[in-house]
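Sequence lines set the chain letters: A, B, ... in the order given, protein chains first and strands last, and positions in each chain run from 1.
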Amino acid sequence: MPDAVTMTDSTERAGKDEKEFTGSEILLRCLLEEGVDVAFGYPGGAVLPIYDSLYRGALNHLLARHEQGAIHAADGYARATGKPGVVIATSGPGATNLVTGIANAQMDSIPLVCITGNVAQSLIGTDAFQEADIVGITMPITKHSYLVTDVKDLPRIVKEAFHIASTGRPGPVLIDIPKDVSNAKSTFQYPSTVTVRGYQPKSDPHPLQLTRLYQALKEAKKPLILAGGGVVTSGAEKELIAFAEKARIPVTTTLMGLGGFPGQHSLWLGMPGMHGTYAANHALLECDLLIGIGARFDDRVTMGRIDKFATGAKIVHIDIDPAEIGKNLDTFIPIVGDVKKVLASAMQEAPRCPSDAWLKQVQGWYRQYPFRYRDEEGVLKPQWVIQHLYESTGGDAVVTTDVGQHQMWVAQYFPFARPRSFITSGGLGTMGFGFPAALGAQLARPGETVISVTGDGGFQMTCQELAVAALSEIPVKVAVINNHCLGMVRQWQEIFHKKRYSEVDLSGSPDFVRLTEAYGVKAFRAKTREEAVRVWKEALEHPGPAVVDFWVHSSENVYPMVASGTGLDEMMMGDEEG
Amino acid sequence: MRHVLSVMVNDQPRVLARVANLLGRRTFNIESISVGESEEAGLSRMVIVTRGDEQTMEQISKQLHKLVDVIKVQDLSSHPAVERELLLVKVEAGPSERTEIGGIVEPFRAAVVDVGPHSLMVQATGERSKLNALLQLLHPYGVKEVARTGVTALSRSAVKVTN
Ligand SMILES: Cc1ncc(C[n+]2csc(CCOP(=O)(O)OP(=O)(O)O)c2C)c(N)n1
C-alpha cells in the first residue's frame, strides 16, 4: 500500500483488524494498485466523494477543461505507453461528454478505463438531476462496462476492467459508480488474480495455420505484408522486420500501423489506400499473397471495393480478434493469435519467398512515384511544413495529429521510424483529438519531443486544454497548419461537388497567437518559410509549451487520392503529374 | 438460411440489451430471442433465431463471443435439436363455435385454457410452422389477440453446451 495515502475514517473496524474504507477510497487504492500514475478528469456532484479521496494528491490528477479533452489526453497517454489511460467524469453531462472519446478509443483499440459517477442507486431510473444511462449509451462503443451496485464488488470490478481494457484486443472499459456506492464502506483487499469466464483471449496461433502460411510463402512470387495498428499494439515491430527480411516481403503499413515498420526501411512501400502511395496501392492490386497483420481491411484501404481489392491474392490474416478474420474479406489462411507471438514463430521458420523480381518492381514504383507537391516560391506549403518538422527533429519526436488534410500530410511526409511515435485518430476520425492526446503523450514520455500537428478547425474543438499545458508546464509543441478553412471538406467539395464550397470557410476564428498567449503559453506565427524555420526553432528550444500558427496555402489538396467506391487503380495523382 | 443459436450468457442485468444491441448495430437479423434460466446457476440460456449465409453466421457467432457476458455460442442448426415455441391465442367464439374450435385444436395437441362468454383461449406448443398452421385455421373465427414466446431449443445430443 502506498505510504502517501492516509485514509480518513480508518478507525472503524469490520472484522477483527480490518479497516473499513469508503468506496471512493477503495477506488483510489485500486488505481494505485494498478500503477496508475496519472488520471485526467473533471469533477461534479456525483463524483464529489471520488474527488474528495483525491484531495490529498496521492494520485496525480489533471483537471482538463472539458471531459472530451480529458479522455483524449488519457487516450494519448495510452497510445504513447500501451498502458491503460484513466479518465474520471461526473454523471450526466460529464459522462456524455466522454462519449466521443470512448468511441474514438474503441475504434482504434486503445485501452482506457473510464470512471463515471452516477446518481445514487435509489435515484437511478427516475430521471434524477444529472442522471444519464451512460452504461446504456456507451454499450456499442465500449469493450465492456460495469455499473457497480455494491461497494464490495469494486476491487474485483476495477481489476477486471484494467485486465479487459489492456489484454487481447484492447479497448475502453467503463465503470459507472453510483454516489451511494462511493460513500458506502467496506474492507479493502485488492485481488491478486483475475478470471473472467467469458473473456479468454487466445494468443497462441494454431500451428497448422502457420504451416500453411510457410507453404504459401514458398510459392509466393508477389507477396505483400499489410501491417496495421495491431503490430504497434502487440509491440511486434522487431519481429515484423525480421520476418519481412527473412521471407523477403515488402511491407505497407496502414495509417494505424505507421511506425510499426520503419519508414526508412528498403522493404517499406508507404501507406496504402485513399491517400496512399502508388507503390503500396499497386502492390495491393498485383500481389499474389497478401498477409494482413493486425489490420482490419477497412474501407479507407479497400475503398469498400472488395471486388477490386487484391483479387489475384491468397489472403492470410493474422489478428488477435477472431471476429476481424473474414469480416471484410474472405480469408484463405486465418491465424488467430497475438501478432508478436505469430511473428516470433514466423521470423524463425518462414522460408524465403521467390520474390526477387517483385521486390525490384515494387521498390522501383516506390522510387518512381514519391509523394509530390508543387513547391512555389514565396508560398508556405503545408507539405513543406511537415517535412520541416521532420527534418528539424531528425524524425525523433512523438507526433499526434488531428483529422483532415494535415493528418494525411503527416502520414505522407513524416516517415516514422518507431512504433508509438505516431498518434492519430484513425478509425473514428475525431477532430479535436490531436492536441489533448499530445498532452497525454507528453506526460507519458516526459523527456521526448511531442508535437501536435493540427488543423485550424480541429484545434478550435479542444484548444481550451491550453490551460492544462500552461498550468502543468507540459512542453508540447503545437503546429497549427492554418489554411483558414476546413481543408479536407473543402477538398471533397472541390472534387466531388463542383467547387460548391459550403460552410468550410473558417472566418471568425481567433488569432491563435493571441488566444494562446491569453493562456500564458508561448505563441508564434509563420507566413513564410524563413519565418517558419526561425519560429519553429524557437518553439522547439522553448522549454515549455508553444503554439506555432503556420499560415499555409489555402487551396492545397492531398494527393494521390482514390475516391471511395473506386478501385485502387483509379488513383488521382493531382496536378503534379508529368 | 435460418439458424437457431443457443447462447449461454451470464445472468447479469442488461445482458439481453447487450446481445440485442450487438445484433442490431451490426445489422444482423433477429427473428426471435428468448431467454431463461439454464441448468447452471448464474447462467441463462438465450435462444436466438436468425438468418444468414455461412459467413454471416460465422460473424454473428464471433461477435457474440466478444461480449464478455457471453460464455458459449452453439449453432443448433448443425445438430439434431428440439425446437419449441409456445403460442397463446384468443379467438372469438360464442357457445356455438366452441366444439368446432375444439375439433381444430385437438390434432395439434393444443388445449383450450380459458373460456369467456364471447371468446376462448388456445394454448399450443410446437415448432413454428405448426403454430403458424394452427393460427391460420383459427383465423376465420376471428383472432383477437396473439402472444408467442419465440423459439426455445436444446440440442438432442448428450453433449452439454456450457464450458
Ligand atoms: C468531430 C468531427 N466533426 C467533423 C468532422 C469532418 N471533417 C473531417 S476533416 C474536416 C476538416 C478539418 O479541418 P481542419 O481541422 O482545419 O484541418 P485540415 O483538413 O484543414 O487540415 C472535417 C470537418 C470530423 N472528422 N470530426
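- The residue among B:Gln55, B:His65, B:Arg18 with the most heavy atom pairs within less than 4.5 Å of chain A is B:Arg18.
- Side-chain contact check for B:Leu120 versus B:Arg98: some heavy-atom pair is nearer than 4.5 Å.
- Between A:Ser564 and A:Arg300, some side-chain heavy-atom pair lies under the 4.5 Å cut-off.
- Between B:Glu85 and B:Arg128 there is a salt bridge, since a side-chain N of the basic residue sits under 4.0 Å from a carboxylate O of the acidic one.
- Top candidate by heavy-atom pairs under 4.5 Å with chain B, chosen from A:Val196, A:Thr149, A:Ile325, is A:Ile325.
- Checked against a 6.0 Å centroid threshold, the rings of A:Phe297 and A:His317 count as neighbours.
- Using a 4.5 Å cut-off between heavy atoms, B:Val68 contacts chain A through both its backbone and its side chain.
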